[in-house]
2 protein chains.
Amino acid sequence: MSEEEPLGADDIMDAVYQALRDNGYAELTMQDIADECDKSTSLLHYHYDTKEDLLVAFLDQMLADYEEKMECRADQPPVDRLVEFVARFVFAPDDTERASFHLALLEMRSQGPFNDRIRTSLRRSDELLRDTLEETLEDGIDDGVLKPVDTEATAALFVAMLDGARTRQVTLNEGGDDEVGYTRTVAEQALERLVDPLLEDGVDRPSLDDALESIHD
Amino acid sequence: MSEEEPLGADDIMDAVYQALRDNGYAELTMQDIADECDKSTSLLHYHYDTKEDLLVAFLDQMLADYEEKMECRADQPPVDRLVEFVARFVFAPDDTERASFHLALLEMRSQGPFNDRIRTSLRRSDELLRDTLEETLEDGIDDGVLKPVDTEATAALFVAMLDGARTRQVTLNEGGDDEVGYTRTVAEQALERLVDPLLEDGVDRPSLDDALESIHD
DNA sequence: GCTCATTGACTGAGTGGTCAGTCAAGCAGC
DNA sequence: GCTGCTTGACTGACCACTCAGTCAATGAGC
């Protein structure tokens, strides 16, 4: 109530998020966003000159939020952070909210090459993700809990794998069978086949389940 | 020239391919496709009732082509096929043709959840891809050149990884530096960190470079 | 403490442009 | 003269964006 920001700004960002989830990016109209916050499209244009401006503002805010969240975790042990990083990609097959939002993000990513400003925003978020993981790996090596490896290539491998798994889950997910979710299968494989061989002798890592619980804060 | 199909059908399919590459999926109009084959949009509607019909036909043809290509390779040794499978994802950073087409495919994938027919087509192609790899792994295990593993989970891991890497390369690729391409980095890591530990003692595998050459036929 | 100018938030009714799809007519080959 | 392919002109829907104006709050001058 006593914010500095123009009172409606956050409402609009929330509306963009909801509208993206409900309609996807390709089908997203200014009207959808306006409906979501019970305002007129004219108001959106009053605050943001163009639809693109609005979406770029939304991406930038998302990026800032993620950045903040990552900083809080920097004091945890590297191996915990590594498993947590993997776990952060996993979501239940029936979590349609998250699937829908990530689907919209994927749509935006595929528009990156056609739009400089969107691409710039997305590239920054990609860098943030990989840098976070790279730092975690470096910390682990420095602390003597991880075997020395090419941290850049390893980070690339992890991110590609988890991201690819999520892409499949959000685009092809077969309704809600009893299956556990594609990303989760891949995440478990990643831990066994890539993380475990990296641990120095005698070092243990948390299970995926433990990590999943610890990120629900 | 002496096909059963209506003579113009292949021309139209080619035009769809070109138009997808040049315009992307989101921006693709019937006019773009018509221009590409120097015909009118009315003609497209004469052959295909709706734009969706046309695109589904295009996807189905692509799938059939890929299926045919895979069958030709079924007699190669499993380890060669495995490395070839990985190599097939790799493309040079300056191969903008391929990048553009895969980008359009990614756009279509992100539309899958909103379109039953597109999703069905894409799901079939996803299954084909993973089944191919799974069979290769099973053959390798049967032949005693690969250590026994959960072939389904392993195939999932490989496909997720390569697909994720390609997604990044086509959406965020930084012009043509001297870099070697993100997918290639990841592919090399995949061979060292995932394939090599799978080989039975004394079994060698072709290098990525060899495989890259052998698929240029 | 009343008046009046100013501003910021907000709206409804357009406008112009784009695009998938329709339709009636032209025209080749048989 | 019929069949199948092809066309240009047209239509109706949709959508980002504009514009002229309303309304409430703020604040200066008296």
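First the proteins, then the strands, lettered A, B, ... as listed; each starts at 1.
- Of the residues in residues 23-35 of chain B, those placing a heavy atom less than 4.0 Å from an atom of DNA chain C are L28(B), T29(B), M30(B), in numerical order.
- Relative to the ring axis of Y182(B), R168(B) places its NZ or CZ within 45° and under 6.0 Å from the centre.
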Produce the list of close N/O pairs, under 3.5 Å, pairing protein atoms with atoms of nucleotides 26-28 of chain C; give distances to one decimal.
none

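- Between G112(B) and I118(B) the shortest heavy-atom distance is CA-CG2, 4.3 Å.
- Distance, D49(A) CG to dA16(D) P: 15 Å, rounded to whole Å.
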Grab the N/O contacts between the protein and nucleotides 11-15 of chain C below 3.5 Å, and write none if there aren't any.
residue: dT11(C); atom: OP2; partner: S40(A); partner atom: N; Å: 2.8
residue: dT11(C); atom: OP2; partner: S40(A); partner atom: OG; Å: 2.9
residue: dG12(C); atom: N7; partner: S42(A); partner atom: OG; Å: 3.4
residue: dG12(C); atom: O6; partner: S42(A); partner atom: OG; Å: 2.4

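- Using a 30° and 60° split on the angle between ring planes, Y17(B) and F58(B) fall in the tilted class, from 30° to 60°.
- Put simply, H47(B) has no side-chain N or O that comes within less than 4.0 Å of OP1 or OP2 on dG4(D).
- Residues passing the side chain to side chain contact (heavy atoms under 4.5 Å, CB included) test with T50(A) are E52(A), D53(A), sequence neighbours excluded.
- A salt bridge links E188(B) and R184(B); the closest N-O separation between the charged side-chain nitrogens and carboxylate oxygens is under 4.0 Å.
- With sequence neighbours left out, the salt bridge (Lys or Arg N to Asp or Glu O under 4.0 Å) criterion links D38(B) to no other residue.
- Counting to the nearest Å, the P atom of dC19(C) and the NZ atom of K51(B) are 9 Å from each other.
- From S125(B), atom OG reaches atom CG of L63(B) across 6.0 Å, with rounding to the nearest 0.5 Å.
- For the residue pair Q31(B) and D35(B), a side-chain donor N or O sits within less than 3.5 Å of a side-chain acceptor on the partner.
- Atom NE2 in H45(A) sits about 16 Å away from atom C1' in dA9(C), given to the nearest Å.
- The side-chain heavy atoms of M30(B) and Y48(B), taken from C-beta on, include no pair separated by under 4.5 Å.
- dA9(C) atom P lies 13 Å from atom CG of D11(A), rounded to whole Å.
- For the 3.5 Å distance criterion, the side chains of D32(A) and T29(A) qualify, holding a donor opposite an acceptor.
- Taken residue by residue, residues 107-117 of chain B places no heavy atom nearer than 4.0 Å to DNA chain D.
- Ion pairing between D126(B) and R130(B) holds under the 4.0 Å rule for side-chain N and carboxylate O.
- Look at R73(A) and D80(A) and you find no salt bridge, because none of the NZ, NE, NH1 or NH2 atoms lies under 4.0 Å from a carboxylate O.
- Ion pairing of D131(B) with R124(B) is absent here, as no side-chain N (NZ or NE/NH1/NH2) approaches a carboxylate O to less than 4.0 Å.
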